[in-house]
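So the structure is just underneath, and the comments pick up after that.
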Amino acid sequence: QVQLVESGGGSVQAGGSLRLSCAASGRTFSSYGMGWFRQAPGKEREIVAYIYRSGSSTYYADSVKGRFTVSRENAKNTGYLQMNSLRPEDTAVYYCAIRSAGGRYSNQESYDYWGQGIQVTVSL
């Protein structure tokens, strides 16, 4: 069993930055790919970014490309989502999730473990 705990959320003005962390406990973090998702009020949860087990490759949704950076430190069992140039439309609950399977990054059913979610609010 793996537990994921997000931290680093909060409120920020547009143009600001936040860094989310996702700390994993339990089995070896490096065995899993990691995705970051978000769910805005009244909307479906969507993929934001994904990073492979080794960190060698990443994926970003078009809406965050060039502004967000996903990374990981396997030695610390921790993943990160650096969010810069934040916009009001980035306001959402953000989730980290990990999976051992492959396939489409956006396939939420492919993820084995999820964090509890953390609120990010961006105001004008």
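Throughout, numbering of the chain's residues begins at 1 and tracks the sequence.
Remark: the backbone N or O of Phe29 is paired with a side-chain donor or acceptor of Arg72 at under 3.5 angstrom. Between the side chain of Thr91 and the backbone N or O of Val122 there is at least one donor-acceptor pair closer than 3.5 Å. With hydrogens and angles ignored, the 3.5 Å screen pairs no side-chain donor or acceptor of Ser56 with any backbone N or O of Ser54. With hydrogens and angles ignored, the 3.5 Å screen pairs a side-chain donor or acceptor of Glu6 with a backbone N or O of Cys96. Checked by atom type and distance alone, the side chain of Arg53 never pairs as donor or acceptor with a backbone atom of Ser30 at under 3.5 Å.
Residues Arg67 and Asp90 are in side-chain contact: their nearest non-hydrogen atoms beyond the backbone lie under 4.5 Å apart. Proximity of Ile98 to Val2: side-chain heavy atoms (C-beta onward) are separated by under 4.5 Å at one or more points. Looking only at side-chain heavy atoms (C-beta outward), Ile51 and Tyr105 stay at 4.5 Å or farther from each other. A 4.5 Å side-chain heavy-atom check between Val70 and Met34 finds at least one atom pair inside the cut-off.
The ring pair (Phe, Tyr, Trp, His ring centres under 6.0 Å) search around Tyr111 returns Phe37, Trp114, not counting sequence neighbours. Legend: residues meeting ring pair (Phe, Tyr, Trp, His ring centres under 6.0 Å) with Tyr60, ordered by chain and number and at least two apart, are absent. Partners of Arg45 according to the side chain to side chain donor-acceptor pair (under 3.5 Å) rule, which considers only residues two or more places apart in sequence or in another chain, are Gln108.
Under a cut-off of 6.0 angstrom, the local environment of CD in Glu109 is sparse, with at most 12 non-hydrogen atoms contributed by other residues, nucleotides or ligands. Within a 6.0 Å radius of CD in Glu46, more than 12 heavy atoms belonging to other residues, nucleotides or ligands are found. Summarising the local packing, NZ of Lys43 is surrounded by 12 or fewer heavy atoms from other residues, nucleotides or ligands at distances under 6.0 Å.
A distance of 8.5 Å separates CG in Leu4 from CD in Gln116, rounded to the nearest 0.5 Å. Here CG of Asn77 is found 8.5 Å from OG of Ser25. Values are rounded to the nearest 0.5 Å. For the atom pair CZ (Arg38) and CD (Glu44), the distance works out to 14.0 Å, reported to the nearest 0.5 Å. The CG atom of Leu81 sits 7.5 Å away from the OH atom of Tyr94 when rounded to the nearest 0.5 Å. Rounding to the nearest 0.5 Å gives a distance of 10.0 Å between CG of Asp112 and CD of Gln1. Taking OG from Ser85 and CZ from Arg87, the interatomic distance works out to 7.5 Å, rounded to the nearest 0.5 Å.
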Begin with the C-alpha distance, continue with both residues' side-chain angles, and end with the deciding distance and a verdict on side chain to side chain donor-acceptor pair (under 3.5 Å) for Tyr50 and Arg99.
CA-CA 11 Å; Tyr50 183 86; Arg99 67 178 193 176; 3.2 Å; yes

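The aromatic rings of Tyr113 and Tyr32 stand perpendicular to each other, their planes meeting at an angle above 60°, with 30° marking the opposite boundary.
Screening Val48, Thr69, Asn84 for a side-chain contact (heavy atoms from CB on, under 4.5 Å) with Val64, the sole residue that qualifies is Val48.
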